[in-house]
Amino acid sequence: MRNTWTIFQKEITSYFNSPIAYGLMAFFALISGYFFYVYVAIFVQRGMESQMMGRPQPMDVNEWVVRPVLMNISVIGLFLIPMITMRLFAEEKRSGTIELLVTSPIHDLEIILGKWFAALVLYAAILGLSALNLAMLFMYGKPDWRPLVVGYLGLLLQGGCLLAIGTFISTTSKNQIIAGTGTFAIALLLWVLDWVSSYGTEAWAKVVGYLSVVAHFEPFSKGVIDSKDVVFFVSMIFLGLFLTARSLESLRWRS
Amino acid sequence: MIKVEGLTKRYARTTAVDNISFEVQKGQIVGFLGPNGAGKTTTMRCLTCFMPPSSGSASVAGFDVLEHPMEVKKRIGYLPETPPLYPDMEVSEYLTFVGRLKGLSGNELTRRVGEVSERCAVADVSKKLIGKLSKGYRQRVGLAQAIIHNPDVLILDEPTSGLDPKQINETRDLIRGLAGDHTIILSTHILPEVEQICERVIIIAKGKVVATDTVHNLTNRLRGVEAVAVEVEPRSGALDAGAVQSRLEQVSGVSRVILKDSRDGRHLFEAESLQGKTIRGDLARSVVESGWNLYELRPVALSLEEVFLSLTSTDTAEPSGAVAE
């Protein structure tokens, strides 16, 4: 535990000592801010239209702003995560510092968890920026806060899952760019799998569709916690971290 | 302190280390000597639990590397060939981090960071980013990192590679200074280093141990052979180096003569004696009797280098006899 904390601290410091964290935050603030603006603008326009029609209908901020914004953030996450995880192990392998970690009296799992938590915390900090936008909704309206909390829980679960996969891919290469590209490819694949299944109803399409991270996130964005989705994300996290542990171990047998 | 028995490490296609065995006593400095690719690093990596051996066993302070890796790791300080440094950390920050990894905490950690910084002469750069340090400083930070938890055993993989001569001397002094408290294994392909620092040498070539002995004994093997540098000026200028060389070769007890240099009508040769012969007197007489000027006659120390070369370059590695023919 103590060792995990040591590694965690080191990783977090390293993220914030380099431009990575700030660059990602700026990138995310820009894109998510843009989407927030767009959906609020649509919401306002619709609201005005419905009033001009003379039949004002109650419009739900959660349905019109919060949900689509969360869905977009979930997709932006796919692009951010490779940039967060690519250096985790690839950099240590390239610079040889992996030898220090592996020959220190700590367990592999402690190294992996420390790194993964650090990545998760950075990801959470980045997501936090979008919460600032959404918080503004409370200044002008009364959105339901519960779906929002559930949405962020979903984002963290989805992030944790992709970060675990990214961590694993980072152990397979000395080259950060390769690790990043590989993670991006997988993240993208896990996203678009959803599209495949929407065309077919056969068993295989369902299986393939089940692997789509975005499809599993969707209920969260509506404020629904389905145990099926939670189980999916948690087991993907376990799978990712398990593969990382195996890969780290195999490093020793092969290198 | 360290016991290696029948250690073998095979990679996919090659055998990097082939059935080597040796022991190191507490407090010794042992040089691990061999050409590049001989298996030094692999052996060290097996000892530090970085990778498991394919077969055979290795133990440190009585703990087997496979069965009790944590106990072994606690007792080992390891400096890999490239020091494992994080360029974006400050020196003191880095040493604190490593100290924590090795299980130190609180006041003890702060104290040890201070101590090793002093000892490795990096205290003056403790607030600098490692990425901005010179190579010599980095190497010393690497050493500081290895000794932070005061380990019983220090394993140093080519600790002086890539340094300039001054830095090499500083690093060697530092290592010698560490000798009392720690058992040290040090790998190198630089011979004088072993002669200067180590008490015992393990010579390894192509994954096999070809000789294990004290530095003293190994150089003694060459005692019987004398090498002499002879500088001759043939007074009759027409005489070329070849003629002088063949004359020197006829001196009794000389095994071979090599022309080293020719300049200003003078020729510098190196003559080696047969086992157990002294040749300096005969060489001098022979030169003078031929009517040439003898400019210089000086014994050349046959260093470990010769032992090393003869041991490692012959395919049929023959630990003892292959030296003096």
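Proteins get letters first, then strands, A, B, ... in listed order; numbering begins at 1 in each.
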Inset, instruction - List the atom of B/P84, the atom of A/G96, and the distance in Å for their closest heavy-atom pair. - result: CB-O, 3.8 Å
Legend entry - chain A contact via B/Q145 - side chain, backbone, both or neither, heavy atoms under 4.5 Å: side chain
Inset, instruction - Tell me, yes or no, whether the heavy-atom count around A/F238 atom CZ, taken from other residues, nucleotides or ligands under 6.0 Å, exceeds 12. - result: no
Legend entry - Crowding at CD, B/E5 (>12 non-hydrogen neighbours, <6.0 Å): no
Legend entry - Atom pair CE/CD of B/M44 and A/E99 - distance to nearest 0.5 Å: 11.0 Å
Legend entry - Residues of residues 88-107 of chain B near chain A, each having a heavy atom less than 4.5 Å away: B/D88, B/M89, B/E93, B/Y94, B/F97, B/V98, B/R100, B/L101, B/K102, B/G103, B/L104, B/S105
Inset, instruction - Answer yes or no: are there more than 12 heavy-atom neighbours, outside B/F63 itself, under 6.0 Å from its atom CZ? - result: yes
Inset, instruction - Taking heavy atoms only and a threshold strictly under 4.5 Å, list by residue number the residues of residues 101-114 of chain A that touch chain B; give 'none' if the list is empty. - result: A/L101, A/V102, A/T103, A/S104, A/P105, A/I106, A/H107
Legend entry - A/L100 CG to B/Y78 OH distance, which is reported to the nearest 0.5 Å: 10.5 Å
Inset, instruction - Verify whether one side chain among B/Y86 and A/E92 offers a donor that lies under 3.5 Å from an acceptor in the other. - result: yes
Legend entry - Region of A/E91 that comes under 4.5 Å of a non-hydrogen atom in chain B: neither
Inset, instruction - Pick one of side chain, backbone, both or neither for B/I76, based on which atoms fall under 4.5 Å of a heavy atom in chain A. - result: neither
